[in-house]
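Letters A, B, ... are given to chains in the order of the sequence lines, protein chains preceding strands, and every chain is numbered from 1.
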Amino acid sequence: MQRAPAAVENPSPFDPFQCIGITRNFAINETALDDALIEASLRWHPDRWVQGTAQEQKQAEKNMAQINRAFGILKDPLLRAEALLTLFGAPLPTGTDKSASQGFLMEMMELKEEAKSAAKNPETLSRFRTRLLTLEVQALEELRPTFESLQEDLVADTLSTVRGQLNRVQYLRRTREGLNRNILLGS
Amino acid sequence: MMTELPIFGQDTPQGPILGIDLGTTNTLVAVFDASGARILADANGEELLPSVVSFPKDELPLVGQSALDRARFDPKRTIHSAKRLIGKGIADLKEEQASLPYDLVNTPDRSLACIDLGYRQVNPSEVSGYILAAARSRAAQALKIKREDLTRAVITVPAYFDDAQRQATRDAASFAGLDVVRMLSEPTAAALAYGFEKKEAQRVIIFDLGGGTLDVSLLKLEKGVFRVLATAGDTRLGGDDFDRFLMNLAAEKIQKKTGVDVLRSPAGRATLRRAAEDCKKQLSTSETGTLKYHDPQAGVAWKQEIDWRTFQKGITPYVQRALDACAQVLQDAELNIEDVDEVVLVGGSTRVPLVKAAVSQFFQTTCHDELDPEKVVALGAAVQAGILGGKANNLLLLDVTPLSLGIETMGGTVSKLIPRNTAIPSQAKETFTTYVDGQSAISLNIIQGEREMASDNRSLGNFTLSGIPPMPAGLPQATVQFTLDADGLLRVQAKEQRSGVETEIAIEPKHGLTDKEVESMLQDAWNHAEEDLTQRRLADVRMQLDTVSRSVEKSNSLFSQLSEVQRERLEDAREEATTSDSVTSPDLLKGILDELEDASYPLAEILMNQVAVHAVQGQNLTEFSKE
């Protein structure tokens with residue numbers, strides 16, 4: 001069995017902002033997000049519906065699953081950016097997307113080399129991991145003004161630039177997660 | 001599975017929901033009422049119900065203390081630690097089998113391990129079922145309501161229990177006539193018990209080290225909502241490992257001194273296990289503990305002082321593994337040690353001073369242990385019962401799944417649909433397709449675990465989406481939907497989008513018997529078992545007393561070698577024993593037995609020394625003890 005190619009039809013993308021009840025925006029207030037989760041959970045968690053009908057219980061389970069999904073997306077800046085991009089009508093990311101800049105390709109190769117030599121001792125590994133995290137946070141921070149401008153003006157070019165930047169973030173993150181795995185297995 | 005309940009009225013005529021901590025070593029039952037959560041005790045005020053069931057042949061099973069008393073002389077049919085076996089296959093249990101006095105078997109048709117009693121087989125769910133039934137009876141007695149009115153329970157499980165272990169626990173409850181309204185993870189329950197009713201948000205670590213498992217959970221508490229941020233653990237780490245260290249230490253020394261390998265016999269293992277537990281308990285409160293092994297029948301008596309340094313050195317590797325799990329949970333939540341506001345210790349094994357100190361040092365804070373670590377989980381289960389019964393409306397618990405769920409794909413890798421630490425309930429969908437032209441069925445292998453390859457993880461079951469009309473490869477679109485409910489139990493639905501072919505399964509462990517069959521079997525047994533429990537226990541203790549008395553009388557030629565104090569104590573104990581026929585309380589009789597055993601200890605020591613001398617002269621122990 002293999003994964004089917006990404007579904008072509010995509011009638012109405014999931015809107016995590018609407019689901020959990022906060023304004024659609026890249027910049028997010030974490031306390032406000034937590035509050036929204038709590039409010040939604042108090043309403044829909046199945047524990048609040050134990051005395052309800054089977055129908056109500058089923059609906060509660062479904063709604064709470066959606067709320068959890070929305071929260072999972074919104075609390076992670078990368079997933080949040082992806083969701084926003086989709087909501088703005090950008091094409092879904094595909095595995096074969098090669099819209100990476102020459103500079104990024106160079107960086108990818110350098111990071112790969114660096115990961116190899118950093119893995120040799122725990123101290124360099126830990127430093128390298130911190131650096132990857134910093135790069136990731138910086139890259140996401142740089143996207144903030146772009147998203148602000150996207151609110152007003154929808155340009156296909158901008159969407160594709162953002163897509164490219166998100167690809168870079170994704171690469172940084174995968175590299176970092178790969179390192180974590182090595183630490184766990186190697187210890 | 002949800003029960004339909006009347007929409008209105010919080011206290012249904014059914015009676016309260018019980019909170020049950022079904023532990024590896026002990027089980028506790030609690031309720032939530034006007035005064036809050038409280039543990040229910042038996043008629044003698046005993047709160048801990050040993051999680052032990054004994055199955056004498058041709059007689060009804062015994063549960064709790066009376067079963068524990070039989071462990072030594074009927075080790076192969078006295079089942080402890082069933083929780084370590086529940087929902088597991090025999091292949092997963094190789095390590096456990098070595099230290100268990102009873103035998104495990106695999107029944108032909110299934111993947112789950114079973115216990116072989118010699119005259120029949122019993123599965124771990126059934127064993128746990130008896131324990132839950134006993135807890136239910138105890139609650140009925142304490143609350144002065146009919147047992148039939150206690151039909152609902154919140155049962156706690158280790159956070160790290162997988163789907164099969166949760167399902168098997170649910171089965172155990174249904175064997176006992178209990179409907180599980182919520183399965184709650186143990187560390188989360190502990191957090192509920194503590195409450196932490198502060199206004200501002202705070203992050204709390206629950207460090208739960210029990211007999212057999214470690215769970216470390218990180219929760220965020222705000223406005224009465226307990227949200228689990230991450231959980232990590234080790235399903236094979238606990239106080240039993242500390243016991244095993246002491247057991248091996250003792251066995252080695254005994255063998256060196258006497259040539260006898262006490263670990264070889266099931267009875268020897270059972271006795272040594274209790275000796276190790278006693279010593280460990282002493283080491284929790286003082287600097288040395290006595291490790292002693294006394295088997296009058298085999299004529300072996302041995303004892304040694306163990307100082308805390310030896311113990312500490314022996315258990316350090318296990319404590320280090322526990323700290324690794326703490327680091328893991330912080331990494332998963334992307335938080336640092338400074339972000340943690342409180343640390344709570346749960347589980348009997350956190351009484352060990354080294355454990356307590358190591359955790360404090362790791363988190364750089366003093367740990368909470370105000371609530372009895374052995375009771376805190378049951379109290380939390382009762383709080384959750386209160387929440388579900390509408391009695392604690394101001395609280396809510398948001399939990400996560402501890403293990404990733406996915407599907408095996410081409411090449412044997414896993415495609416994860418629900419990663420670990422995802423908040424539950426949760427739903428996820430993914431679309432798969434065929435790779436052969438005209439393929440009419442898609443087989444789905446449901447996987448739980450963190451490893452990359454499907455074969456390294458646990459398979460929860462296979463099912464097939466069949467009846468797909470012939471299409472070229474890659475054209476069918478099979479959408480697979482996972483629904484993980486608030487108990488952490490999985491349902492899987494699959495649908496081929498173009499043809500509309502559909503199938504659904506709930507993952508269930510493969511028992512030989514249907515739930516209904518086992519339920520009626522068990523309830524029958526239980527209804528009778530309760531009545532003659534006291535009589536049975538009394539008879540058992542009397543039998544043991546008889547055995548010990550006889551072996552004491554056999555060595556009366558050695559009485560003269562005892563010191564005066566020793567001889568007087570032994571005379572008193574013998575006197576008590578010979579006049580014990582009129583004693584009708586099992587506990588009282590047990591006291592007489594224990595005293596006789598202790599008083600005859602010096603006698604056994606003298607015997608030992610003689611054995612040592614004889615052994616040098618070429619006579620072995622068995623011959624000697626037969627004299």
Any salt bridge between [X] and [Y], counting N to O under 4.0 Å?
{"X": "E61(A)", "Y": "K58(A)", "answer": "no"}
{"X": "D76(A)", "Y": "R173(A)", "answer": "yes"}
{"X": "R163(A)", "Y": "E82(A)", "answer": "yes"}
{"X": "E107(A)", "Y": "R168(A)", "answer": "yes"}

Which atoms of [X] approach chain A - backbone, side chain, both or neither, heavy atom under 4.5 Å:
{"X": "E450(B)", "answer": "neither"}
{"X": "Q384(B)", "answer": "side chain"}
{"X": "L388(B)", "answer": "both"}
{"X": "T413(B)", "answer": "neither"}
{"X": "L475(B)", "answer": "neither"}

Next item on the list: Would you mind telling me which of S426(B), A486(B), A423(B) has the largest number of heavy-atom pairs within less than 4.5 Å of chain A?
Entry: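 The option with the most such pairs is A423(B).
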Next item on the list: Quick one: which of L42(A), D34(A), T31(A) has the most heavy-atom pairs under 4.5 Å with chain B, could you say?
Entry: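 If we count pairs closer than 4.5 Å to chain B, D34(A) comes out on top.
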Check: Which of these, V169(A), T175(A), L172(A), sits in a side-chain contact (heavy atoms from CB on, under 4.5 Å) with L135(A)?
Finding: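 The option that passes is L172(A).
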Margin query: A side-chain contact here means heavy atoms from C-beta on lying under 4.5 Å apart; do L396(B) and F226(B) qualify?
Written below: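 Contact flag for L396(B)/F226(B) side chains = no.
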